[in-house]
Asker: 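Quick one: structure below, then a few questions.
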Amino acid sequence: MAEEKSLNFIEEIIEHDLKSGKHTSIATRFPPEPNGYLHLGHAKSICLNFGLALKYGGKTNLRFDDTNPVTEETEYVESIKGDVKWLGFQWAEELYASDYFPQLYEFAVTLIKKGLAYVDDSTSEEMAAQKGTPTQPGTNSPYRNRTVEENLVLFADMKAGKYPDGSKVLRAKIDMAHTNMLMRDPVLYRIKHAHHHRTGNTWCIYPMYDFAHGQSDSIEKITHSICTLEFVPHRELYNWCIDNLEIYPSRQYEFARLNMTYTMMSKRKLLQLVNEKYVTGWDDPRMPTLSGVRRRGYTPEAIRDFCDRIGVAKRDNLIDISLLEFCVREHLNKIAARRMVVFDPLKVVITNYPEGKTEIMTSENYPDDHANVREMPFGRELYIEREDFMEVPVKKYFRLSPGQMVRLKSAFIIKCDDFVKDANGTVTELHCSYIPESRSGNDTSGINVKGVIHWVNAQTAVPVEVRLYDRLFHVEDMSSLEDDFRNHLNPDSLKVLPTVYAEPELAKAKLGEHFQFLRMGYFTLDTDSTAGKLIFNRATTLRDMWAKEVKK
RNA sequence: UGUCCUAUGGUGUAAUGGUAACACAGCAGAUUUUGAUUCUGCUUUUCUAGGUUCGAAUCCUAGUAGGACAACCA
């Protein structure tokens with residue numbers, strides 16, 4: 001099948017580079033800073049970077065951009081590696097910007113020797129004042145004309161730890177009147193007497209992003225350095241460093257980051273949600289983190305498919321979260337074993353079924369594979385969903401109501417003969433009769449019913465907990481917010497049902513398995529589960545045309 | 001009142017100077033022992049104004065709108 005798939009703009013650039021002979025193979029990198037957990041926005045970048053290398057026969061490095069010791073931790077490194085692997089990608093090399101600190105230092109010395117960098121004693125306030133504004137040029141620092149010799153000594157002393165944090169920086173000497181603010185003598189190195197997660201206390205000066213990223217790309221001979229749009233203005237500085245250092249010319253290309261409705265995807269704010277306990281952790285199933293959606297029951301296949309469908313372009317976007325849910329359902333529908341679980345039980349007594357009798361019914365695990373079945377006990381007393389009975393049925397309601405019949409999935413057709421109410425008027429019990437000839441598989445009753453409902457046998461039902469999730473925020477476009485994002489948390493984002501009734505087979509569930517609870521949604525076992533108490537997370541609901549019908 | 005980036009249905013993404021298409025969402029119907037799945041059909045689109053051209057979503061100019069840029073963050 002020669003499926004003609006159109007190329008995104010980066011693929012076009014790569015194919016052009018390959019065709020023209022500029023490159024014979026490509027190298028990309030995924031460069032997270034280990035200061036938080038990966039989220040769906042990172043997934044887009046991961047799929048892009050690794051996907052490109054896979055498609056064009058190149059390689060992708062995993063490179064940690066660890067140039068700021070105060071925010072970075074080993075915990076994050078480990079989670080990031082786990083998430084990339086879970087998504088299904090394998091990096092060529094695991095690298096760290098901190099591995100390049102010695103070389104980066106030498107690069108800085110080279111720039112000083114060329115008269116292209118100087119040590120500045122200005123305070124950050126003074127530097128900000130010198131910087132100008134986007135519409136007004138900046139002014140030169142009084143330290144700008146220090147000699148090469150003086151700068152060399154000062155920079156060496158910075159490295160040697162002779163100065164306190166913030167007292168000096170190394171700046172590039174470019175142009176304080178440049179229209180690109182980033183070219184107004186950007187800071188290259190700053191002093192931080194801080195412990196680094198890998199280099200420990202070896203260094204007290206650390207390179208800034210702009211002095212580390214491009215050079216790291218260059219050292220690794222990355223051909224296409226792909227990042228998000230906010231780095232567009234950095235490209236000029238990226239190229240300036242490479243040009244003046246005369247090193248391998250990696251090239252930067254920028255695409256639009258993923259934005260999704262009802263979703264907040266800023267690492268800083270996600271950290272805030274974690275720290276301030278609005279969620280239980282980075283892997284809270286409501287979080288858009290990869291560890292969160294994994295725990296919730298999303299699959300890597302679904303996320304890769306999603307990343308594929310959203311495309312890659314340069315314009316700002318706001319993806320409808322229903323596309324993600326569609327991808328999740330589409331994959332889960334194929335792989336999830338079916339189970340029956342009653343959430344809000346209503347007792348049903350089959351009055352014409354012998355007391356004490358239990359028989360075994362079989363039900364298919366997957367709708368289109370009738371050979372793959374499990375066993376389910378059936379008895380005189382059952383639970384069905386309270387929702388599946390209406391004393392006074394609304395129009396088009398084809399479940400149970402007085403005198404009406406439904407099919408119990410994989411069992412018998414039953415007819416509602418009577419119901420019992422308590423003092424409050426709440427229905428507590430249904431009295432039904434079953435049609436013995438209607439047994440699933442050899443139904444000779446000739447009766448056709450429209451409604452099919454799920455059920456569990458009361459005697460053998462297994463109590464489990466389910467956790468139902470809704471969107472964390474109730475604002476469609478989080479970027480439109482003018483006040484604090486924490487004011488817009490959805491109070492109903494988590495609903496716990498401590499005791500619901502499952503068919504016995506579900507007790508065998510293992511971590512990582514996916515289930516469809518018939519008519520209730522897709523579920524997976526939560527990591528909080530213990531041997532005595534199984535807890536299931538709802539990944540997503542099923543599509544529900546009836547709910548829409550009812551709304552009308 | 002600077003520089004840069006962007007502009008195609010409700011949301012995304014294609015169409016690479018030659019009939020604007022695909023997916024999601026929405027709506028309607030068929031099938032169904034999950035009101036699921038599956039299948040069918042439908043609604044809705046090139047920011048504006050000029051220009052180049054036989055022909056413009058595509059190229060050019062201007063305007064408009066949105067976004068980015070003034071961290072010793074990445």
Side-chain angles (χ1 to χ4, degrees), chain A residues 5-8 12 31-33 35 65-68 70-72 120 122-124 127-129 131-138 165-171 178-182 184 186-192 205-206 208-210 212-213 227 229-236 254 256 261 267-268 309-327 329-330 333-334 338 340 363-364 367-368 396-399 406-411 413 438 440-441 443 448-454 479 516-521 541-550:
Chain A
K5 217 203 164 223
S6 56
L7 304 177
N8 66 49
E12 281 180 4
E33 183 188 13
N35 68 344
D65 235 330
D66 56 349
T67 57
N68 184 4
V70 302
T71 56
E72 296 155 5
D120 195 335
S122 303
T123 64
S124 54
M127 279 183 50
K131 198 101 186 179
T133 70
T135 53
Q136 287 172 300
D165 287 9
S167 59
K168 284 181 167 51
V169 292
L170 181 73
R171 297 177 75 175
H178 204 287
T179 52
N180 181 347
M181 299 284 293
L182 281 156
R184 322 243 260 228
V187 172
L188 266 25
Y189 263 92
R190 75 287 215 191
I191 301 170
K192 275 180 194 278
I205 57 171
Y206 292 93
M208 297 288 290
Y209 166 84
D210 287 303
H213 201 98
C227 60
L229 248 30
E230 62 268 32
F231 292 97
V232 169
H234 292 251
R235 188 174 61 230
E236 198 170 7
E254 311 87 7
T261 54
K267 246 202 264 181
R268 207 192 88 242
R309 287 168 183 266
I310 59 179
V312 176
K314 295 189 75 160
R315 68 186 96 115
D316 292 326
N317 59 76
L318 184 62
I319 307 285
D320 194 331
I321 197 167
S322 64
L323 178 62
L324 209 213
E325 288 167 353
F326 168 83
C327 294
R329 287 189 188 107
E330 185 172 64
N333 177 50
K334 287 185 206 143
R338 269 58 177 178
M340 291 200 229
S363 188
E364 67 277 7
D368 46 9
K396 288 202 232 170
Y397 184 82
F398 41 82
R399 280 116 98 158
V406 288
R407 155 82 58 188
L408 295 174
K409 169 73 183 172
S410 298
I413 292 172
S438 67
S440 278
D443 182 347
N448 254 325
V449 292
K450 190 113 168 116
V452 180
I453 63 174
H454 62 281
S479 73
Q516 184 196 109
F517 294 176
L518 250 61
R519 307 203 297 143
M520 304 309 273
T541 57
L542 262 31
R543 270 184 76 217
D544 191 352
M545 298 305 280
W546 174 243
K548 283 176 192 168
E549 187 69 36
V550 169

Asker: For A/S122, answer base if it contacts any base atom (sugar-phosphate contacts may also be present), sugar-phosphate if it contacts only those atoms, and nothing otherwise; contact means non-hydrogen atoms under 4.0 Å.
Answerer: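 Answer is base: heavy atoms of A/S122 come under 4.0 Å of a base.
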Asker: For the side chain of A/R407, starting at C-beta, report the closest nucleotide among B/U33, B/C72, B/G12.
Answerer: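 The answer is B/U33.
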Asker: Is a donor on one side and an acceptor on the other found under 3.5 Å between the side chain of A/S410 and the backbone of A/S363?
Answerer: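 Such a contact is absent between A/S410 side chain and A/S363 backbone.
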Asker: Is there a side-chain contact between A/R329 and the phosphate of B/A36, meaning an N or O under 4.0 Å from OP1 or OP2?
Answerer: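 False: A/R329 side-chain N/O out of range (4.0 Å or more) of B/A36 OP1/OP2.
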Asker: Considering only atom C1', compute the distance from B/U11 to B/C69 and round it to an integer number of Å.
Answerer: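 To the nearest whole Å, 28 Å.
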Asker: Check this one for me: any side-chain N or O of A/T261 less than 4.0 Å away from OP1 or OP2 of B/U11?
Answerer: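 False: A/T261 side-chain N/O out of range (4.0 Å or more) of B/U11 OP1/OP2.
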Asker: Measuring to OP1 and OP2 of B/U13, would you say a side-chain N or O of A/R315 lies under 4.0 angstrom away?
Answerer: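 Yes.
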Asker: When all nucleic acid strands are considered with a 4.0 Å heavy-atom cut-off, which category describes A/Y397: base, sugar-phosphate, or nothing?
Answerer: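 Contact class for A/Y397: base.
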Asker: Taking B/A14 as the reference, what is the distance to B/U58 when you measure between their C1' atoms (whole Å, please)?
Answerer: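 After rounding to an integer number of Å, I get 13 Å for this pair.
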Asker: Look at all strands and tell whether A/L518 reaches a base, only sugar-phosphate, or nothing, counting heavy atoms closer than 4.0 Å.
Answerer: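 Base contact - A/L518 has a heavy atom under 4.0 Å of at least one base atom.
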Asker: Mind checking who B/U52 pairs with, Watson-Crick or G-U wobble, both distances under 3.5 Å?
Answerer: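 In the structure as shown, B/U52 has no Watson-Crick or wobble partner.
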Asker: Which nucleotide, if any, forms a Watson-Crick or G-U wobble pair with B/A65, using both distances under 3.5 Å?
Answerer: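 Pair assignment: B/A65 / B/U6.
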Asker: In whole angstrom, give me the gap between the P atoms of B/U44 and B/A20.
Answerer: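 B/U44 and B/A20 have their P atoms separated by 15 Å.
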Asker: Given atom CZ of A/R519 and atom P of B/U32, what is their separation to the nearest angstrom?
Answerer: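 Nearest whole value for this atom pair: 18 Å.
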Asker: Please report, rounded to the nearest Å, how far the P atom of B/U34 is from the CD1 atom of A/I413.
Answerer: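 Result: 13 Å.
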Asker: Would you confirm whether A/K267, through its side chain, and A/E33, through its main-chain N or O, come within 3.5 Å as a donor-acceptor pair?
Answerer: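 Looks like yes, one N/O pair under 3.5 Å.
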Asker: Say you pick atom P in B/G12 and the same atom in B/A68; how far apart are they, in whole Å?
Answerer: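 Taking atom P in both B/G12 and B/A68, they lie 16 Å apart.
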Asker: From the set B/A71, B/G2, B/U33, return the single nucleotide nearest to any side-chain atom of A/S440.
Answerer: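 When the side chain of A/S440 is considered, B/U33 is the closest of B/A71, B/G2, B/U33.
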Asker: Taking the C1' atom in each of B/U32 and B/G9, what is the distance between them to the nearest angstrom?
Answerer: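 Roughly 32 Å separates the two C1' atoms.
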Asker: Quick one: does A/R399 reach the base of B/G35 with a side-chain donor-acceptor pair under 3.5 Å?
Answerer: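 Counting by modelled atom types and ignoring angles, a donor-acceptor contact under 3.5 Å is found here.
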Asker: With a non-hydrogen cut-off below 4.0 angstrom, is A/V312 in contact with a base, only sugar-phosphate, or nothing?
Answerer: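 A/V312: backbone/sugar contact only, no base atoms under 4.0 Å.
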Asker: So which nucleotide does B/U45 pair with, by the Watson-Crick or G-U wobble rule with both distances under 3.5 Å?
Answerer: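 With both distances under 3.5 Å required, B/U45 matches none.
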Asker: Strictly by Watson-Crick or wobble contacts shorter than 3.5 Å, is anything paired with B/A74, and which nucleotide is it?
Answerer: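 When the pairing criteria are applied, nothing turns out to pair with B/A74, so the answer is none.
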Asker: Return the minimal non-hydrogen interatomic distance between A/K314 and A/L229, and the atom names on each side.
Answerer: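 A/K314 and A/L229 have their closest heavy atoms at O-CD2, 3.2 Å.
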Asker: At what distance, to the nearest 0.5 angstrom, does CZ of A/R171 lie from CZ of A/R184?
Answerer: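 Answer rounded to 0.5 Å: 11.0 Å.
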Asker: Between B/A23, B/C72, B/C24, spot the one nearest the side chain of A/M208, thanks.
Answerer: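 From the listed options, B/C72 comes nearest.
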Asker: Looking at every strand, decide which applies to A/E254 at a 4.0 Å heavy-atom threshold: base, sugar-phosphate, or nothing.
Answerer: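 The residue A/E254 makes no contact with any strand.
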Asker: May I ask which nucleotide in the shown strands pairs with B/C22, Watson-Crick or G-U wobble, both distances under 3.5 Å?
Answerer: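 Its partner is B/G12.
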Asker: Tell me whether the OP1 or OP2 atom of B/A36 has a side-chain N or O from A/K409 closer than 4.0 Å.
Answerer: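 For A/K409, the contact criterion (side-chain N or O under 4.0 Å from OP1 or OP2 of B/A36) is not met.
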Asker: A/F326 has an atom CZ; how far is it from atom P of B/U38, in whole Å?
Answerer: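 Between P of B/U38 and CZ of A/F326: 7 Å.
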Asker: Test A/W546 against A/K396 for side chain to side chain contact (heavy atoms under 4.5 Å, CB included), laying out the working first.
Answerer: CA-CA 9 Å; A/W546 174 243; A/K396 288 202 232 170; 4.3 Å; yes
Asker: Quick one: which of B/A23, B/A74, B/A25 gets closest to the side chain of A/L323?
Answerer: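 Ranking B/A23, B/A74, B/A25 by closest atom to the A/L323 side chain puts B/A23 first.
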Asker: For a quick check of understanding: with a heavy-atom distance under 4.0 Å over all strands, which category does A/N333 fall into, base, sugar-phosphate or nothing?
Answerer: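 It contacts sugar-phosphate atoms only.
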Asker: To the nearest angstrom, how far is A/K131 atom NZ from B/A71 atom P?
Answerer: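 My rounded result for the distance is 7 Å.
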Asker: Do side-chain atoms of A/R309 reach the backbone of A/L324 as a donor and acceptor pair under 3.5 angstrom?
Answerer: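 Judged by distance alone, no pair lies under 3.5 Å.
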Asker: Classify the nucleic acid contact of A/G441 as base, sugar-phosphate or nothing, counting any heavy atom under 4.0 Å across all strands shown.
Answerer: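 Here A/G441 touches the bases of the nucleic acid.
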Asker: Considering only B/G67, B/A74, B/G12, which nucleotide approaches the side chain of A/E33 most closely?
Answerer: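 Of all the options, the side chain of A/E33 is nearest to B/A74.
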Asker: Given atom NE2 of A/H234 and atom P of B/A70, what is their separation to the nearest angstrom?
Answerer: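 Computing the A/H234:NE2 to B/A70:P distance gives 7 Å.
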Asker: Output yes when a side-chain donor or acceptor of A/E549 lies under 3.5 Å from a complementary backbone atom of A/M545, and no otherwise.
Answerer: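 Answer holds: no.
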Asker: Evaluate whether the aromatic ring of A/W546 and the six-membered ring of the B/G35 base sit under 5.5 Å apart, centre to centre, with an inclination under 30°.
Answerer: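 One would call A/W546 stacked on the B/G35 base.
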Asker: Parallel under 30°, tilted from 30 to 60°, perpendicular over 60°: which one fits the rings of A/H234 and A/Y209?
Answerer: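 Rings of A/H234 and A/Y209: perpendicular, as their planes differ by over 60°.
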Asker: Could you work out which one of B/U37, B/G2, B/C72 sits closest to the side chain of A/P134?
Answerer: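 For the A/P134 side chain, the nearest candidate turns out to be B/G2.
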Asker: Rounded to whole angstrom, note down the P distance from B/A25 over to B/A57.
Answerer: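 The answer is 30 Å between these two P atoms.
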Asker: P atom, B/U43 versus B/A21: distance in rounded Å?
Answerer: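 B/U43 and B/A21 have their P atoms separated by 12 Å.
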Asker: Given B/U34, B/U11, B/G35, identify the nucleotide with an atom nearest to the side chain of A/D320.
Answerer: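 Selected nucleotide: B/U11.
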Asker: Check every strand shown and say whether A/T67 touches a base, only sugar-phosphate, or nothing at a heavy-atom separation below 4.0 Å.
Answerer: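 Sugar-phosphate only.
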Asker: In whole Å, measure the gap between the C1' atoms of B/A7 and B/G18 for me.
Answerer: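 That atom pair is separated by 24 Å.
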Asker: Side chain of A/R338 only, heavy atoms from C-beta on: which candidate in B/U13, B/C73, B/U34 is closest?
Answerer: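 Among B/U13, B/C73, B/U34, the one nearest the side chain of A/R338 is B/U34.
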Asker: Once you apply the 3.5 Å cut-off to both distances, tell me the Watson-Crick or G-U wobble partner of B/U33, or none.
Answerer: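 Matched B/U33 with nothing under the 3.5 Å cut-off.
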Asker: Does a side-chain N or O of A/R190 approach OP1 or OP2 of B/A74 to a distance below 4.0 Å, or not?
Answerer: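 Looking at the OP1 and OP2 atoms of B/A74, one of them is under 4.0 Å from a side-chain N or O of A/R190.
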Asker: Provide the closest heavy-atom pair for A/N180 versus A/P233 in the form atom of the first, atom of the second, distance.
Answerer: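 Of all heavy-atom pairs spanning A/N180 and A/P233, the closest is ND2-O, 2.9 Å.
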Asker: For A/N8 and for A/M545, locate the closest nucleotide of RNA chain B by heavy-atom distance; then report the residue assigned to the nucleotide nearer the 5' terminus.
Answerer: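 Comparing both residues, the 5'-ward one is A/N8.
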Asker: Which nucleotide, B/A15, B/G2, B/C72, lies nearest any side-chain atom of A/T179?
Answerer: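 From the listed options, B/G2 comes nearest.
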Asker: Atom CZ of A/F231 and atom P of B/G67: how far apart are they, to the nearest Å?
Answerer: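 It is 19 Å, rounded to the nearest whole Å.
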Asker: Taking the nucleotide of RNA chain B with the nearest heavy atom to each, does A/F398 or A/R235 sit closer to the 5' end?
Answerer: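 Of the two residues, A/R235 wins.
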Asker: Take atom CD of A/E236 and atom C1' of B/C69, then tell me their distance rounded to the nearest Å.
Answerer: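 Between C1' of B/C69 and CD of A/E236: 12 Å.
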Asker: Heavy atoms only: give me the nearest A/K131-A/M181 pair and the separation to one decimal.
Answerer: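 That would be CE-O, 3.4 Å.
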Asker: Counting the atoms with a prime plus P, OP1 and OP2 as sugar-phosphate, which does A/K192 contact under 4.0 Å by heavy atoms, base, sugar-phosphate, or nothing?
Answerer: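 Sugar-phosphate only.
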Asker: A/K450 NZ to B/A30 C1': how many Å, rounded?
Answerer: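 In whole Å, B/A30 C1' and A/K450 NZ are 10 Å from each other.
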Asker: Hey, does A/K548 reach any base, or is it just sugar-phosphate, or nothing, if we go heavy atoms under 4.0 Å?
Answerer: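 Counting heavy atoms under 4.0 Å across all strands, the contact made by A/K548 is with sugar-phosphate only.
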Asker: Counting the atoms with a prime plus P, OP1 and OP2 as sugar-phosphate, which does A/V169 contact under 4.0 Å by heavy atoms, base, sugar-phosphate, or nothing?
Answerer: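 Base contact.
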Asker: Of the options B/C72, B/U37, B/U32, whose atoms approach the side-chain atoms of A/R543 most closely?
Answerer: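 From the listed options, B/U37 comes nearest.
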